[in-house]
Amino acid sequence: MSDTETPPFRYTAALAGDIELRWQAFWAENGTFHAPNPAGDLADPTHPRAGAPKLHVQDMFPYPSGAGLHVGHPLGYIGTDSYTRYKRMTGYNVLHPMGFDAFGLPAEQYAVQTGTHPAVTTAANVDRYRQQLRRLGLAYDERRSFSTTDPDYYRWTQWIFLQVFNSWFDPSVQKARPISELIASFESGERGPEWAAASATERRRIIDGYRLAYVSEAPVNWCPGLGTVLANEEVTPEGRSERGNFPVFQRSLKQWMMRITAYGDRLVEDLDSLDWPEPVKLMQRNWIGRSRGAHVDFSTESDKITVFTTRPDTLFGATYMVLAPEHDLVDRIVPQAWPAGTKDVWTGGAGTPAEAVAAYRAAAAAKTEEERTADGKVKTGVFTGAYATNPVNGADVPVFIADYVLAGYGTGAIMAVPAQDERDWAFAEVFELPIIRTVQAPEGFEGAFTGDGVAINSDWLDGKGVAEAKAAMITWLEENGKGTGATTYRLRDWLFSRQRYWGEPFPIVYDETGLPIALPESMLPVVLPDTDDFSPRTFDPDDADTEPETPLSRKKDWVQVELDLGDGLKTYTRETNTMPQWAGSCWYELRYLDPKNDKALVDPDNEAYWMGPRSEGDPGGVDLYVGGVEHAVLHLLYSRFWHKVLFDLGHVSSFEPFKKLFNQGYIQAYAFRDARGMIVPADEAVERDGKWFVGDQEVYREYGKMGKGLKNVVTPDDMCEQYGADTFRVYEMAMGPLDVSRPWETRAVVGSQRFLQRAWRLVVDEETGGVRVTDEPLDPKSRKVLHKVIAGVREDMDELRFNTAIAKLIELTNTLTPLSTVSREAIEPLVLMMSPFAPHMAEELWGKLGHEGTLAYADFPVADPAQLVADAITYPVQVNGKVRGRVEVSPDTPEAEVREQALAAVAEVIADRTPKKVIVVPGRLVSVVI
RNA sequence: GUCCCCGUAGACCAACCGGCAGAGUCGAUGGACUCAAAAUCCAUUCAGUGUGGGUUCGAAUCCCACCGGGGACACCA
C-alpha cells in the first residue's frame, strides 16, 4: 500500500492510533473517569455527577499471567465499559473500577520456573495488563485500582481474617457475633459450670472451638505434587487438583478452617434475592447441598448407630443398614464369628466378619475415585456380622459396610430402604435382602419408588402422604428419644490455609500453649517477608505419605518474633501458612469503594452509597457483576460468605456482594493441524474451496480455546496495530450477544473498521480534513430513522444488547451516507451514541463539531416520541394464513376501517365466499379466515 | 444416567407479548476508481428457521418426541 494514494484524512489504523493515544492521555490527565464518593478523600462536590444516582458495575478482575491478554479476555471489560459510558451519559454516577488478583499458585509456579521472585514477575505482569487495558480506552477510575498483593490492600484482607477469627456463629439468631460476647456469656455462668472450673488454657481452647476461623486436625485434601493442601472446591470429581491435575489424597492434618457451613442456610436462602443466572444459582444450591430430614438412632448390642435420612417416613421399610467402610463403629460392632443365618453372599467368602471387613476395606482403598463411582457399577459390600434394632418396630436388621455410603456425608451411616431408594434397591438385589414397600407405588411399578404416595405397611403412619408422614415420624422420634429432625449439608467448612509462599500471611502468632493468638489491628499488615527461598516443597505426586512444609517456616528470623501483646515482651511463633488465592478476591468489590482509606476497610457512607440496599428486601451489592461462569461456586460462594460475616458484624449495610450477575461468553478460535496431527500456526492457514491450506499442504480445522498450545492467539495489541482500539471494541461488541461464545475471525474485523470510516467520513472530508457538517435541518424521512434508532439504541443498551445497538448505529450511518448534505441534527446524536463503543473517535469528532473537552458527561440522545409515530402503516392481509394483499392506512385509522379496506384488498381472493373470521391485529396485520 | 442452555442464509448473528423470516457484519459475485493491484465506494446474491408431530386464523417463537452441539451434576441417604 502506498500512503500517497490513501486520502490523507481517511480514518486508518494509523490515524486511529494517533487519536486514541491522544485521548487516552487526555482522560488520564483530566481524571475524566474519576467517580466522586460521598465521603472521604475521593469526595468531590464539584463533580458533575456528585450526589447523582449511583451505578456500580464491576468485572471479575484478572489474574495477570505472563502471557498477557488475548482478544478473548477483554470481551467483558469492553462490554461493561460500553455500558457504563452509556449510563454515565444518562446521568448516573458510575463506579467502574479494575484491579488485579495477583497472589496465588500460578504466579508462584511461574516464578519457580523462571527463578525470578514472584513479586517481580507479578509487578511486571500487572504493569503489562495495565498498559494493554489502557490502550483499549477502558474508562476506569485509576485512583481505585490495586493489586491484592499490595500491603495496603492485604492489610485489610488480614483485618477481615481477624474479624472472622474474633467471631462466633450464634445459631439462636443465625448470625455472627463478636467472640467477646461469647466469653461474657461463659463468664456469667449461663453456659454451665465448666467454665469456672477450667484453666486459662482450657478456656482458650473452649473459645477457639467456637470461632468462625479455627485450627483443626481433620482429614484434608493433601496434594504432594503441589506441596499444599486444597479446599474441597479445588479438587475435581476425579480426585485431582484443579490446578496442575495432580493426585489428591485424604490426610489428617492440622489446618485453618472457616466455618462457612454455619452460613449454609443463609447462603441457600439469600440466592432468592439475587438477580443471577439460574444455572449459577443451581450450582450453588447443589454445592451447598442442603437436605432436611432426621437423625435416627439404631441400637446394636454395644453401641448406638446414628443415621441421617431424608425419608424418616420410610423407617418401617428399613431392612438393613450400611456404614461407610471407614466408619469408627465398624471395628467395635464386628463379632468373633458369623452369626446364624448369615447368607453366603454376605461374607465375601471370608471366614470371619473381621477378615471380611479387612478385605473389603483393603479392596475399597485400592480403588480410584473413578472406579468407585463408575456409572452402572454393581453395588459391593460385606456383612459386618452385627445386627441393629429398628427403633420403630424392633426388627433386627443386618449391618453392612459398603463404599456406596460416604464417610464424609451425614453421619457416614444409613438406614437402607430398598423399596424407596434406587441405590438401596440395587444393593438389596445383590445381597438378597428383603424389600418392604412403605409408600404405595402405582399399579405395575417395578423397582424403587421415590415419588409421592400414601404410606403402607407402616403401622400408625398408614394412609399419610410423604410430607405428612415425615413430619409425624420426626415428632414420634423426638418424643420417644429415638432421633431428631436434622438438616445436613454437602458443603464442608472451608480449608483456608496453604503451604505456599505467595499469599497473604496470617495475622496470627502462637505462644507456648500452641494456641493461636490474633495480632492486634495496630500490627497490620503482617508483611510477607522477602526471601529467595520461595519454592514450595513439592513431592512425588503419588506419594501420599509426605508432610507439607511451608516456605515461610524456613525463614527462622521471621518466624520467631518478640512482641508485647499485653503480657510484656515475649517470644512468639508466627503462623507460617498463607491464605488461599480466593482470600484477596473475597472482598475486593468493597475496597474499590474507598481504596485509600487507612482508617477503615470502607467508610460506611461510601459503602451505603455504592452498595447499600435501596428498598425493603433489596440485598444491596454491586449493581452488575460480569464474568465467566467458571467462578459459579468457588469465588462467588466465598465472597458471599465473607460479605455476610461483615454484614453481621455491622461493617457493611448490604447482605450480598453482587446483586446482579452476568456471565459473559467466551471468544474461542479455530486451530489447524496438518496431516501428521501437528498444530500449525492459525494465521498461516488459507481457505480455498472450503478446504484449508498452509502453502500447498492441506490442514484440518478444529475449534478451541485461544492459547499458545493451539497456536491461535490473537492479541488486542495486534488488533490495535492493524485496526485501532475503537475498531476492535466495535467488532467485539458487534459480533454477537455478550453472553454467547463465538469464534474469533480476524478477517471480519474490517467490517467494523468500514463502519467507523463511513461515520468519520460523514464529518471529515478525507481529502482536506475539513468538517463537512452543516446546520441545515435533516430531511423528515431521515429524522424518523434517527429517532427510531435513538429509541432502539437506548433500549438495547439498557439490556446489554450491544450487537443490535451497533447494528442500528450502522443503519443510521448508512441512511446518512448517501445524503448530499450532512446535518448536524443527525451527526451529533450519532457521535454521542457511538461514543460508548468507539470513545476515542467519538471524542475526536465531538471536538471537530465544535465542542470543548470530553463528551463523557454529555447527555445521551433522547428520542422525540412524535417522531416515533409512523406516517402510514402497511397492513399485510392474510387469507387462510397466506399474504394475499396489502393496505396502507394512516396510523390512527379505526379498526373497522382497516378491516373494511383489507377485505376490499383481497376481495378477488375471497370471491363469493363469506369470511368466517376477520382478525385485525392493530399495527401488525389483518388475517381473514374463509 | 439426570437436569439446564442452544440449533435461523456459506460464516457470525437479528426478528419485542405468537403477527409480512432480515437489522447489521463477513464471504461470494458484478460494477466504479486504478496502468494494475490493494484500500475504498456502489449494487447483487442466498435460508423458510435441526427433524417429526401438536395447539392456533396465524408458530423461528408455545407444547410433545427425536437428532445434533455446549454446560452442570453424577452413589450426598
Side-chain angles (χ1 to χ4, degrees), chain A residues 1-2 5-7 10 12 237 277-280 282-283 286-287 289-291 293 307-311 314 322 372-377 379 402-406 408-417 420-424 426-427 488-491 629-630 632-633 665 687 690 703 730-731 734-737 739-755 757-758 761 766 789 792 795 799 801 803-811 813-814 817-818 874-883 886 915-930:
Chain A
M1 192 204 292
S2 158
E5 289 175 44
T6 303
R10 170 161 295 172
T12 59
E278 272 313 313
V280 176
L282 187 65
M283 278 188 257
N286 284 343
W287 188 263
R290 178 171 68 177
S291 348
V307 303
F308 175 72
T309 177
T310 56
R311 295 294 302 274
T314 62
V322 185
R372 250 173 61 90
T373 59
D375 203 12
K377 106 179 170 64
K379 293 277 179 286
D403 63 6
Y404 84 93
V405 172
L406 308 175
Y409 185 77
T411 61
I414 62 156
M415 62 179 216
V417 187
Q420 273 83 228
D421 184 284
E422 282 162 18
R423 296 153 301 183
D424 297 346
F427 190 87
T488 64
Y489 303 87
R490 199 185 87 119
L491 180 70
V629 72
E630 71 271 20
V633 175
E687 189 180 10
Y703 185 53
V730 169
Y731 176 66
M735 62 198 287
D739 54 350
V740 170
S741 295
R742 52 246 140 112
W744 177 263
E745 198 183 1
T746 296
R747 67 176 177 175
V749 178
V750 70
S752 299
Q753 188 183 34
R754 287 180 191 147
F755 160 50
Q757 283 176 340
R758 285 201 297 279
R761 218 163 14 232
E766 287 191 331
V789 166
E795 219 173 282
E799 300 298 320
R801 293 193 302 250
N803 53 327
T804 52
I806 290 172
K808 290 179 174 80
L809 293 173
I810 294 173
E811 194 184 346
T813 303
N814 293 351
T817 298
T874 306
Y875 281 91
V877 186
Q878 291 183 351
V879 179
N880 286 351
K882 285 195 174 135
V883 179
R886 283 166 209 282
K916 277 191 211 145
K917 208 172 183 183
V918 181
I919 299 151
V920 179
V921 185
R924 292 286 187 183
L925 57 47
V926 183
S927 183
V928 183
V929 189
I930 55 175

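Chain letters run A, B, ... following the sequence lines, proteins first, then strands; residues in each count from 1. If you're wondering where the values come from, they're calculated on a predicted model, not measured in any experiment.
A 4.5 Å side-chain heavy-atom check between A:Ile414 and A:Tyr404 finds at least one atom pair inside the cut-off. Between A:Thr804 and A:Glu799 there is no side-chain heavy-atom pair separated by less than 4.5 Å. Within the 4.5 Å cutoff, the side chain of A:Gln878 has no heavy atoms near those of the A:Ile919 side chain. Contact check for A:Trp744 versus A:Val749: side-chain heavy atoms found under the 4.5 Å cut-off.
With its glycosidic angle within 90° of 0, B:C17 is assigned syn. Nucleotide B:G71 is shown with an anti base, its glycosidic torsion being more than 90° from 0.
One can place CD of A:Glu278 at 12 Å from P of B:C4, the figure rounded to the nearest angstrom. Distance CZ (A:Phe755) to C1' (B:A39): 19 Å, rounded to an integer number of Å. Atom pair A:Asp739:CG and B:C4:P shows a separation of 19 Å (rounding to whole Å applied). Atom CG in A:Asn286 sits roughly 16 Å away from atom P in B:U2 (whole-Å rounding). Counting to the nearest Å, the P atom of B:C12 and the CH2 atom of A:Trp744 are 16 Å from each other. Note: NZ (A:Lys808) to C1' (B:A14) measures 8 Å, nearest angstrom. In this structure, the CD1 atom of A:Ile810 is 5 Å from the C1' atom of B:G24, given to the nearest Å. Taking atom CZ of residue A:Arg490 and atom P of nucleotide B:C73, one finds them 8 Å apart after rounding to whole Å.
Here A:Val740 lies in heavy-atom contact (under 4.0 Å) with sugar-phosphate atoms only. Across all strands, A:Arg801 comes closer than 4.0 Å to no nucleic acid atom at all (heavy-atom distances). Contact annotation for A:Pro737: backbone-only contact, meaning every heavy-atom pair under 4.0 Å involves sugar-phosphate atoms and none involves a base. Counting any heavy atom pair closer than 4.0 Å across all strands shown, A:Thr488 reaches no nucleic acid atom. Residue A:Arg742 is classed as a sugar-phosphate contact, given heavy-atom separations below 4.0 Å to backbone atoms only. Using a 4.0 Å heavy-atom cutoff across all strands shown, A:Glu422 reaches no nucleic acid atom at all. Using a 4.0 Å heavy-atom cutoff across all strands shown, A:Asp424 reaches no nucleic acid atom at all.
Remark: A:Arg761 pairs with A:Glu766 by the side chain to side chain donor-acceptor pair (under 3.5 Å) rule, at least two apart or across chains. The side chain to side chain donor-acceptor pair (under 3.5 Å) check on A:Thr817 picks up nothing, with sequence neighbours excluded. In terms of the salt bridge (Lys or Arg N to Asp or Glu O under 4.0 Å) criterion, residue partners of A:Glu745 (sequence neighbours excluded) are, by chain and number, A:Arg747. When the salt bridge (Lys or Arg N to Asp or Glu O under 4.0 Å) test is applied to A:Asp424, no partner is found at least two apart in sequence or on another chain. The salt bridge (Lys or Arg N to Asp or Glu O under 4.0 Å) test applied to A:Arg801 returns A:Asp796, not counting sequence neighbours. Under the salt bridge (Lys or Arg N to Asp or Glu O under 4.0 Å) criterion, A:Arg311 pairs with A:Asp313, not counting sequence neighbours. Remark: A:Val740 engages A:Pro737 in a side chain to side chain contact (heavy atoms under 4.5 Å, CB included) (not counting sequence neighbours). Residues satisfying the side chain to side chain donor-acceptor pair (under 3.5 Å) test with A:Arg290, not counting sequence neighbours, are A:Asp265, A:Glu269. Residues meeting the side chain to side chain donor-acceptor pair (under 3.5 Å) test with A:Asp739, sequence neighbours left out: none.
Between B:C12, B:U40, B:A23, one nucleotide has an atom nearer to the side chain of A:Ala807 than all others, and that is B:A23. Side-chain proximity of A:Asp403 to the nucleotides B:C75, B:C4, B:C20 is greatest for B:C75. The A:Gln757 side chain lies nearest to B:U40 when the options are B:U40, B:C42, B:A14. Comparing B:C20, B:A77, B:U40 against the side chain of A:Arg10 picks out B:U40 as the nearest. Considering only the side chain of A:Tyr409, B:A77 comes nearest among B:U40, B:A77, B:A23.
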Can you pull every protein N or O that's under 3.5 Å from an N or O on nucleotides 26-31 of chain B?
{"residue": "B:C26", "atom": "OP1", "partner": "A:Arg754", "partner atom": "NH1", "Å": "2.5"}

With the criterion being N/O to N/O and under 3.5 Å, what pairs connect the protein with nucleotides 57-62 of chain B, and how long is each?
{"residue": "B:C57", "atom": "OP1", "partner": "A:Lys917", "partner atom": "NZ", "Å": "3.4"}
{"residue": "B:C57", "atom": "O2", "partner": "A:Ser927", "partner atom": "OG", "Å": "2.6"}

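Place A:Arg290 and A:Leu925 on RNA chain B by their nearest nucleotides, and A:Leu925 ends up nearer the 5' end. Comparing A:Val926 and A:Ala734 by the nucleotide of RNA chain B whose heavy atom lies nearest to each, the residue mapping closer to the 5' end is A:Val926.
Atom C1' of B:C46 sits at a distance of 13 Å from the matching atom of B:A21, rounded to the whole Å. B:G19 and B:U34: their P atoms are spaced 50 Å apart (whole Å). As rounded to the nearest Å, B:A72 and B:U29 have C1' atoms that lie 46 Å from one another. For the P atoms, the distance linking B:C26 with B:U44 amounts to 15 Å, nearest Å. Taking the P atoms as reference points, B:C4 lies 26 Å from B:A9, given to the whole Å. Look at the P atom in both B:U56 and B:U61: the space between them is 16 Å, to the nearest Å. A gap of 23 Å separates the P atoms of B:A60 and B:C66, to the nearest Å. B:C33 and B:A43: their C1' atoms are spaced 15 Å apart (whole Å).
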Let me check I have this right: for RNA chain B, each base becomes ., (, ), [, ] or |, based on Watson-Crick or G-U pairs with both distances under 3.5 Å. What is the full string? (((((((..((((.....[..).))).(((((.......))))).....(((((..]....))))))))))))....
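For A:Arg886 against B:C20, a side-chain N or O and a base N or O form a donor-acceptor pair under 3.5 Å.
A close approach under 4.0 Å does occur between a side-chain nitrogen or oxygen of A:Ser291 and OP1 or OP2 of B:A77. Side-chain nitrogen and oxygen atoms of A:Arg924 include none within less than 4.0 Å of the OP1 or OP2 phosphate oxygen of B:C17. Residue A:Asn814 places at least one side-chain N or O under 4.0 Å from the OP1 or OP2 atom of B:U25. For A:Asn803, a side-chain nitrogen or oxygen approaches OP1 or OP2 of B:A14 to under 4.0 Å.
A:Glu630 CD: more than 12 foreign heavy atoms inside a 6.0 Å radius.
Here the CG atom belonging to A:Leu925 is positioned 12.0 Å from the OG1 atom belonging to A:Thr874, to the nearest 0.5 angstrom.
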